[in-house]
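Letters go in sequence order (proteins before strands), and every chain restarts at 1.
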Amino acid sequence: MQNMRILQLHCDYIEFSPVKKEIKSAEEIDPKPQHLDEVVVAFVAVEDGDNSEVAKKAMFEISESMKKVGCKKLLLYPYAHLSSKLASPSTALSLLREMEAKADGLEVHRAPFGWTKSYKVQVKGHPLAENSKTITAGEEKEATSEALKAESKIQSFWYIMTTDGKMHDVGSFNFAKHANLEVLAKYEAAKKRSVDEPPPHVKLMKKLAIADYEPASDAGNMRFFPNGRLIKSLIERYVTEKVVDYGGFEVETPIMYDSHHPSMESYFNRFPARQYNVNSEGKHLFLRFAACFGQFLMAKDFQMSYRNLPLRLYELTRYSFRREQSGELVGLRRLRAFTMPDCHAMCKDMEQAKEEFRKRFDLSREVITGLGLDESDFEMAIRFTEEFYNGNKPLIEELVSKIGKPVLVEMWKERFFYFVLKWEFNYIDNLGKASALSTDQIDVENGKRYNIEFIDESNRPQNPIILHNSPSGAVERVIYALLEKAAKDQKEGRKPGLPLWLAPTQVRVIPVKPEFLAHCEKIAEKLTESDVRADIDDKNESVGKSIRDAETEWIRYIIVIGEKEANASKISIRDRKTGGVRELSVDELIGEIKTETKGKPFIKMNMSRYISKRPQIMV
RNA sequence: GCCUCGAUAGCUCAGCCCGGUAGAGCGAACGCCUCGUAAGCGUUAGGUCGCGGGAUCAAAUCCCGCUCGAGGCUCCA
């Protein structure tokens with residue numbers, strides 16, 4: 001293993017003067033003192049075995065971090081003391097010279113090699129001023145560095161597209177009526193992402209006994225309590241029903257794959273990912289981060305004609321895994337194990353792909369609003385290559401016009417990723433963080449990579465164009481968005497809540513005294529028979545306390561049963577939405593609930609009907 | 001990977017600066033009250049103060065190391 005070591009300091013100034021030659025092969029220079037202001041100093045130790053690849057990568061990393069601190073002046077300072085297994089002086093000097101030559105766009109200085117030098121620095125006091133790097137070559141990192149090099153070539157141009165199809169410069173666009181879009185634009189284009197408090201949904205997910213961290217697992221692998229499991233099941237079922245209505249065929253594929261399978265190898269070389277690795281019986285397996293792998297490998301083995309296309313394969317992956325960096329994992333926003341509905345459509349040509357793309361755009365909008373998020377809750381971003389845009393303006397303009405508000409545009413000069421067009425809906429949370437929910441892509445590369453073939457009209461084998469759509473985004477992230485939305489309501493003085501069809505308890509029945517429990521039981525049973533989730537507070541606390549408990553659990557309907565109700569057909573129903581009490585019959589209440597949850601799946605209550613029987617999960 | 005913060009009862013936290021008997025609220029168990037739309041009352045149980053070391057007569061408290069967690073940065077095909 002070879003590791004070039006670099007200590008990088010952003011300095012107000014540095015002064016150094018060569019004192020005497022330390023080694024015979026020291027550079028011949030004029031040993032006069034030098035002074036540089038506003039400079040990044042990189043102390044570099046070249047280790048035995050470092051090569052040009054390492055030098056190139058080191059220079060790339062240095063210039064990336066210099067961009068961040070906004071400094072263009074660099075001093076490369078040979079500094080042996082960072083390593084105990086130094087390269088030979090001749091190698092070290094030649095690599096340093098290579099680094100000097102590779103520093104495009106930077107003003108580079110280099111302290112002389114092989115001299116004892118005295119120096120004086122004043123280091124700046126900001127968080128990114130000091131930083132150390134170890135640059136590693138070696139096989140596994142090779143792929144990463146290839147991809148990184150390629151990625152550094154991508155040039156993005158950011159615009160705002162208005163509903164009339166006009167492109168506006170991000171910098172001069174008037175965001176006055178589009179505050180969230182401005183947040184997204186800053187987030188994406190300017191990479192401004194600093195906040196200083198935890199997002200509010202973290203407390204809510206615990207308080208409502210939905211989910212919590214599991215310390216015994218890896219970070220980002222959550223436990224879901226009965227309430228959370230119920231909510232997830234409902235969302236999963238809803239999304240699946242919608243995709244099946246659209247024409248998707250549900251399949252199931254393995255969660256782990258051989259990294260050395262040729263298709264995987266080629267994919268990883270281009271798109272290095274952070275994945276979990278599992279070694280078993282000499283096989284190097286990785287856990288899937290999307291359903292692509294399984295579905296592509298499956299489609300490859302289908303015998304297909306153009307008459308079978310578009311072919312829509314759908315899987316609800318529980319789970320997909322991505323080994324996100326630990327610091328990035330927060331609550332339900334980003335996880336390492338997540339549930340992802342993933343629907344691919346194999347299309348015979350670009351015309352068919354575009355037609356299909358439109359359908360899925362409508363499907364995604366329907367799903368996301370059906371889940372309880374309004375179009376005002378998210379902002380759309382659309383990304384494409386310049387070439388695709390020039391050839392397909394009407395399609396892009398149609399999507400933007402459908403969404404009815406301005407959209408963030410990222411345009412690439414040339415295609416780097418496997419797709420030519422991609423859009424996503426981004427939820428903007430209370431701290432101004434953007435997270436992608438629904439997304440769709442037009443993939444022009446993986447059909448070939450995975451040898452997926454169909455026979456066209458002229459009896460020739462072709463690779464399909466593949467669309468990658470998640471109509472809702474990760475299910476956990478949908479819950480995150482719903483909770484953040486509720487937190488926002490709370491912050492702005494409205495009562496927070498979940499959509500009625502997702503509420504773990506839809507109706508709570510409270511007896512005034514224990515002697516009315518039997519009557520409560522009758523009502524709860526009737527509600528249950530009509531597919532309404534109802535439970536009974538049999539704890540024999542004061543009515544006030546029981547109502548308070550129900551309110552803090554965000555239960556929409558509260559029925560109090562006393563003397564009056566026991567002898568009448570109408571019952572007192574407290575509706576959390578209004579805070580008022582109404583007199584309704586049980587049938588009328590059922591009717592109201594059915595109307596509000598129309599078109600949504602139903603699952604029976606996932607806890608004991610009697611709350612005295614329930615373990616206390618979260619206080 | 002980097003930075004910061006944290007770890008005390010089932011949960012949320014106080015105590016730590018300035019060393020000297022382990023605290024509160026919520027929750028739980030038990031009992032009383034039998035109650036009409038956001039907290040009725042009482043009693044009891046419950047703690048290797050994350051782990052290891054150091055200095056001290058004495059450590060939850062001071063010092064060092066470690067582990068785990070959280071938040072942020074970076075990154076996020």
*asked:* For the P atoms, the ones on B:rC16 and on B:rA7, what distance do you get once it is rounded to whole angstrom?
replied: 13 Å
*Can you tell me how far C1' of B:rG1 sits from CD1 of A:Ile62, to the nearest Å?*
16 Å
_Regarding A:Glu588 and A:Arg582, does a basic nitrogen lie under 4.0 Å from an acidic carboxylate oxygen?_
no
*Does the side chain of A:Tyr213 get closer than 4.0 angstrom to OP1 or OP2 of B:rG71 through an N or O atom?*
yes
*What's the closest nucleotide to the A:Pro199 side chain, out of B:rG72, B:rU34, B:rG36?*
B:rG72
*Which whole-number value in Å describes the distance from A:Lys539 NZ to B:rA28 C1'?*
11 Å
*Reckon A:Glu515 touches a base, only the sugar-phosphate, or nothing at all at heavy-atom distances under 4.0 Å?*
nothing
*asked:* By the 4.0 Å heavy-atom rule, please label A:Ser572 as base, sugar-phosphate, or nothing.
replied: base
_Ring-plane angle category for A:Trp423 and A:Phe425, please: parallel below 30°, perpendicular beyond 60°, tilted otherwise._
tilted
*Report yes if the side chains of A:Val560 and A:Ile547 come closer than 4.5 Å at any heavy-atom pair, otherwise no.*
yes
_From C-beta outward on A:Val330, which listed nucleotide comes closest to its side chain: B:rG72, B:rC35, B:rA38?_
B:rG72
*When you compare B:rG40 with B:rG36, how far apart are their P atoms, in angstrom units rounded to a whole number?*
12 Å
*With a non-hydrogen cut-off below 4.0 angstrom, is A:Val512 in contact with a base, only sugar-phosphate, or nothing?*
base
*Take atom NZ of A:Lys545 and atom P of B:rA38, then tell me their distance rounded to the nearest Å.*
14 Å
*Could you please name the option among B:rA39, B:rU37, B:rA77 that lies closest to any side-chain atom of A:Lys422?*
B:rA77
*Pairwise C1' distance, B:rG50 and B:rU43 [rounded to whole Å]*: 33 Å
_From CG of A:Leu329 over to P of B:rC68, roughly how many Å is that when rounded to an integer?_
15 Å
*Rounded to whole angstrom, note down the P distance from B:rA9 over to B:rA14.*
12 Å
*Determine the Euclidean distance between corresponding C1' atoms of B:rC2 and B:rU12; express it in Å to zero decimal places.*
31 Å
*asked:* Regarding A:Ile510, tell me which of base, sugar-phosphate or nothing describes its non-hydrogen contacts under 4.0 Å with the strands shown.
replied: nothing
*The side chain of A:Arg333 lies closest to which of these nucleotides: B:rG72, B:rU34, B:rA38?*
B:rG72
*Ion pair present between A:Asp440 and A:Lys422, side-chain N to carboxylate O less than 4.0 angstrom?*
no
_Using atom C1' in both nucleotides, what's the gap between B:rU61 and B:rU21 to the nearest angstrom?_
15 Å
*Paired with B:rC5 by Watson-Crick or G-U wobble geometry, both distances under 3.5 Å: which nucleotide is it?*
B:rG69
_Need the pair for B:rC11. Rule: Watson-Crick or G-U wobble, both distances under 3.5 Å, any strand; none if unpaired._
B:rG25
_Paired nucleotide for B:rG52 [Watson-Crick or G-U wobble; both distances under 3.5 Å]_ = B:rC64
*Who is the Watson-Crick or G-U wobble partner of B:rG47, with both distances under 3.5 Å?*
none
*For A:Glu565, answer base if it contacts any base atom (sugar-phosphate contacts may also be present), sugar-phosphate if it contacts only those atoms, and nothing otherwise; contact means non-hydrogen atoms under 4.0 Å.*
base
*A:Phe516 has an atom CZ; how far is it from atom C1' of B:rU37, in whole Å?*
15 Å
*Under 4.0 Å between any heavy atoms, over every strand shown, what does A:Phe289 touch: base, sugar-phosphate, or nothing? Just pick one.*
base
*Could you let me know what B:rG19 is paired to, Watson-Crick or G-U wobble, both distances under 3.5 Å, or none if it's on its own?*
none
*What is the distance from CE of A:Met264 to P of B:rA77, rounded to the nearest Å?*
20 Å
*Going by the ring-ring contact (aromatic ring centres under 6.0 Å, His included) test, name the single residue among A:Trp412, A:Tyr389, A:Phe419, A:Phe157 that passes it with A:Phe384.*
A:Tyr389
*asked:* Using OP1 and OP2 only, check whether a side-chain N or O of A:Ser542 sits under 4.0 Å from B:rC35.
replied: no
*With a 4.0 Å cut-off, would you call A:Lys433 and A:Glu484 a salt bridge?*
no
*What interatomic distance, in whole Å, is found between C1' of B:rC11 and the corresponding atom of B:rC18?*
31 Å
_Distance, rounded to the nearest Å, where A:Glu551 contributes CD and B:rU37 contributes C1'_ = 9 Å
*Which sits closer to the 5' end of RNA chain B, A:Lys203 or A:Lys564, going by the nucleotide each is nearest to?*
A:Lys203
*Heavy atoms under 4.0 Å, any strand shown: does A:Gly544 hit a base, just sugar-phosphate, or nothing?*
sugar-phosphate
*What is the base-pairing partner of B:rG31, counting Watson-Crick and G-U wobble geometry with both distances under 3.5 Å?*
B:rC41
*Closest nucleotide of RNA chain B for A:Gly220 versus for A:Arg322: which of these residues is on the 5' side?*
A:Gly220
_OP1 or OP2 of B:rA38 under 4.0 Å from side-chain N/O of A:Arg574_ = yes
*Do the ring planes of A:Phe296 and A:Tyr450 sit parallel (below 30°), tilted (30 to 60°) or perpendicular (above 60°)?*
perpendicular
*Can you tell me how far C1' of B:rC41 sits from CG of A:Asn540, to the nearest Å?*
13 Å
_Selection from B:rG36, B:rA38, B:rC35 that lies nearest to any side-chain heavy atom of A:Lys513_ = B:rC35
*Please work out which of the three classes, parallel, tilted or perpendicular, describes the rings of A:Tyr480 and A:Tyr427, given edges at 30° and 60°.*
perpendicular
*Hey, does A:Ile547 reach any base, or is it just sugar-phosphate, or nothing, if we go heavy atoms under 4.0 Å?*
base
*When the P atoms of B:rC13 and B:rG71 are considered, how many whole Å apart are they?*
13 Å
